[in-house]
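Note that this is a predicted model, so its numbers are computed, not measured. Below, read A as the first sequence line, B as the second, and so on, with proteins coming before strands; counting in each chain starts at 1.
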Amino acid sequence: MSKNILVVVEQREGKVLPASYQLFTPARALASTTGGQVVACVVGEGVSGLADAIGAHGAATVYVVEHAELKHYRASAYTSAVTSAIEAASAGVVLFPTTFMGRDWAARTAARKRGALAIDCTEVSARGGNILASKSMYAGKLQATFALSGSRLRVLTIRSNVYPAPAAGGSSAAVQKLAYTPSDADRRLTVKAVTATSSGIKDVTEADVVVSGGRSLKSEENFQKVIFPLAQALEGAVGASRAACDAGYQPHSRQVGLTGKVVTPKLYFACGIDGAIQHLAGMRGSKVIVAINTKKEAPIFKVATYGCVADLFTLVPLVTEEVRKLRAH
Amino acid sequence: MKILCVIKQVPDSNAAVRVRADGKDLDPAGLKLVVDPFDEFGVELAVQLREKGKPVSEIVAITVGGDKAAEALRTAMAIGADRAVHLCDPKFDSANELFFAYLVAAAVKKLGESFELIVCGKQNIDLDAGAVGPALAEFLDLPHVGAVQGLEFDEAGKRFTARRRIEGAEEVVEGALPVLLTIEKGLVEARYPSLPNLMKAKKKELKVLTSADLPGETAAEAGTVVEALTPPPPRADCRFIEGEPAEMARELVRLLREDAKVI
Ligand SMILES: Cc1cc2nc3c(=O)[nH]c(=O)nc-3n(C[C@H](O)[C@H](O)[C@H](O)COP(=O)(O)OP(=O)(O)OC[C@H]3O[C@@H](n4cnc5c(N)ncnc54)[C@H](O)[C@@H]3O)c2cc1C
Ligand SMILES: Nc1ncnc2c1ncn2[C@@H]1O[C@H](COP(=O)(O)O)[C@@H](O)[C@H]1O
């Protein structure tokens with residue numbers, strides 16, 4: 001198996017997903033143990049302009065696969081495109097970000113190449129010809145370490161915000177365009193529309209700060225009055241527990257947890273959230289966790305960095321006020 | 001429209017889990033098992049399509065798992081699947097998504113069945129991967145749409161429109177059957193099977209396939225093996241902030257700014 005490590009950069013509408021750059025950190029660490037080069041690839045329509053920015057993060061070569069039919073993500077077509085980059089790069093390891101697109105794309109790519117696969121890894125290292133990858137399982141109750149066989153193409157997705165992105169330097173990357181010819185199989189689906197849903201407020205999976213509320217908020221109105229202002233003051237996203245979503249206070253797309261989204265922001269606020277194991281599964285990887293709860297025994301405090309035993313209806317607006325003061329300076 | 005529901009039996013998320021002596025898998029003793037909630041959505045979707053008068057000819061549930069996984073298939077049949085296929089062999093024991101997908105694909109081919117619609121859960125609550133659906137689609141040479149939250153079919157049940165939410169956007173994807181879909185929360189609410197339906201499910205056909213029936217690729221050959229299961233790294237103890245609410249707010253924001261440096 002070749003030793004080159006291919007970083008797959010996710011872009012939508014010509015914008016690079018910032019977490020893609022974080023992949024260069026584990027990629028470089030792997031390359032320093034196994035030898036081989038770190039290379040990158042980007043797939044889309046009219047994306048060659050992104051090559052320099054990608055190269056600046058430490059790719060020796062940037063493979064560009066562009067075509068009008070690659071405008072939107074379609075698993076089969078994007079798999080064909082990335083496969084050509086894997087072959088051109090003679091890659092032995094491929095890293096994707098853990099996103100909707102990344103999970104999907106990585107799985108299909110690993111299947112096509114009969115590779116070895118690990119999804120949503122929080123730690124990767126090399127041991128001999130094998131790759132060791134750790135990930136959280138069973139609602140975060142256990143961490144599993146997998147060995148991915150060196151005799152196969154090893155495909156991994158890496159959880160966002162676990163590794164910092166390396167600083168960008170000047171790009172000395174070679175840019176290589178790869179031809180793509182859509183096959184009939186690649187054309188079986190049509191993407192009719194892609195509409196941004198984050199009208200004014202970010203999606204939980206995109207934001208550096210997530211402010212979540214639980215059942216204790218009691219209404220959608222109270223989310224608007226108490227939770228949204230703090231999220232806005234911190235330029236963050238609004239999240240919710242399942243109990244709050246099931247009660248209709250927030251849409252399911254904002255649910256954080258085992259059957260919702262897994263988030264790893266720099267800062268997570270749990271306001272009036274008890275901290276059931278299924279909620280922790282979605283947020284315990286956050287860097288700093290603030291818990292605000294009237295009940296000192298609430299399990300959320302077991303994972304919290306800072307704890308406030310207080311009524312959220314009183315405290316959260318005061319915190320919002322303090323943040324605004326800070327921002328005004 | 002013949003539908004295949006790909007399901008998995010997983011530990012109840014409320015249950016404590018213990019690791020087997022060799023450190024590589026869960027200790028099955030006393031472990032409470034359930035059908036994965038995302039997979040229940042898949043079966044529910046299939047049954048609702050039939051109830052809404054779509055031309056659904058048959059609903060088949062399939063799983064890979066040990067003896068106990070038959071219970072999951074019975075649950076699927078109690079929700080409304082017509083029959084089930086159980087891939088059951090110690091050689092199939094693995095925590096490897098590609099291997100599961102490969103086995104299911106091999107079984108579909110072996111049985112010589114053709115499905116117009118295959119539904120999987122968006123991901124499972126145990127391994128949390130979301131990889132089996134896309135990989136199965138690849139092995140069966142089908143298109144797939146992941147994490148579907150909205151779905152419509154045309155009258156004839158030949159074409160579909162799927163809606164999915166991805167980070168910060170909603171996508172609308174169209175295509176013709178056959179297709180594989182993975183189901184996100186919010187598309188349907190799973191029902192509790194009624195007692196009469198649980199009784200009826202016991203009489204439905206449950207076919208067992210072992211490694212003798214399938215081309216024998218064993219888990220160890222599948223490229224990814226578990227080395228160890230360990231407790232997650234602990235988080236530092238919580239620092240409680242005391243005082244009146246106004247003081248608390250000031251101190252919290254100061255700590256976030258000066259200590260944690262996150263705002
Ligand atoms: C298969 C399965 C999957 C699940 N998936 C998820 C998931 O993805 N995400 C998820 O969140 N849950 C999930 N759950 C549900 C989970 O078990 C809990 O029921 C849920 O998280 C509880 O939400 P909560 O903390 O908002 O509500 P509660 O448990 O009702 O807790 C409310 C909390 O608010 C506190 N409180 C009340 N009033 C105030 C106040 N004025 N100020 C401050 N604090 C106050 C209380 O002390 C309490 O701690 C799942 C469950 C199952 C079985
Ligand atoms: N052992 C299994 N048997 C049958 N289907 C499975 C199995 N494991 C996973 N699946 C299917 O694949 C989906 C996603 O699982 P995963 O990729 O493991 O998160 C599940 O919702 C099921 O539909």
Interface residue of largest heavy-atom contact number with chain B, from A:T205, A:L258, A:T122, A:V191, under 4.5 Å: A:L258
B:A147, part contacting chain A, at a heavy-atom distance under 4.5 Å: side chain
A:T99 versus A:E10, side-chain donor and acceptor atoms under 3.5 Å: yes
Residues that A:K266 engages under side-chain hydrogen bond (donor to acceptor under 3.5 Å, both in side chains), provided they are two or more places apart: none
For B:F160, all residues meeting ring-ring contact (aromatic ring centres under 6.0 Å, His included), sequence neighbours excluded: none
Chain A contact via B:R254 - which portion, at a heavy-atom distance below 4.5 Å: neither
Listed once per pair and sorted, the ring pair (Phe, Tyr, Trp, His ring centres under 6.0 Å) pairs that draw on residues 238-263 of chain B, sequence neighbours left out: A:F301-B:F240
A:Q255 versus B:K185, side-chain donor and acceptor atoms under 3.5 Å: yes
Proximal component of B:R163, with respect to chain A [non-hydrogen, under 4.5 Å]: neither
Proximal to chain A - members of residues 26-33 of chain B, heavy-atom separation under 4.5 Å: B:L26
Per-residue contact mode, B:E251 against chain A (heavy atom under 4.5 angstrom): neither
Chain A contact via B:P37 - side chain, backbone, both or neither, heavy atoms under 4.5 Å: side chain
Between A:I289, A:T157, A:T109, A:V204, the one whose heavy-atom pairs under 4.5 Å with chain B are most numerous: A:I289
Partner of B:T75 under side-chain contact (heavy atoms from CB on, under 4.5 Å), chosen from B:V35, B:I7, B:D39, B:V34: B:V35
Proximal component of B:D12, with respect to chain A [non-hydrogen, under 4.5 Å]: backbone
Which atoms of B:L252 approach chain A - backbone, side chain, both or neither, heavy atom under 4.5 Å: side chain
Geometric cation-pi criterion, A:R108 with B:F139: 6.0 Å, 45°: no
Largest heavy-atom contact set with chain A, pairs under 4.5 Å, which of B:A16, B:A95, B:A137: B:A137
Verdict with reasoning, A:Y73 to A:D104, per side chain to side chain donor-acceptor pair (under 3.5 Å): CA-CA 10 Å; A:Y73 174 72; A:D104 207 81; 2.8 Å; yes
Chain A contact via B:P143 - side chain, backbone, both or neither, heavy atoms under 4.5 Å: both
Interchain contact, B:V19 with chain A, by part (heavy-atom threshold 4.5 Å): side chain
Contact class of B:R239 relative to chain A, heavy atoms under 4.5 angstrom: both
Contacting moiety of B:A15, where chain A heavy atoms sit under 4.5 Å: backbone
Residue B:P234 versus chain A: region with a heavy atom under 4.5 Å: neither
Under 3.5 Å donor-acceptor, B:T161 side chain and B:E174 backbone: no
Top contributor to chain B interface from A:V319, A:D208, A:N130 [non-hydrogen pairs under 4.5 Å]: A:V319
Part of B:V226 within contact of chain A (heavy atom distance under 4.5 Å): both
Working for salt bridge (charged side-chain N to carboxylate O under 4.0 Å, His left out), residues B:E44 and B:R191: CA-CA 7 Å; B:E44 179 65 37; B:R191 71 191 71 186; 2.8 Å; yes
Portion of B:K24 that has a non-hydrogen atom of chain A nearer than 4.5 angstrom: neither
Sidechain-backbone polar pair: B:K8 side chain, B:G65 backbone, donor-acceptor under 3.5 Å: no
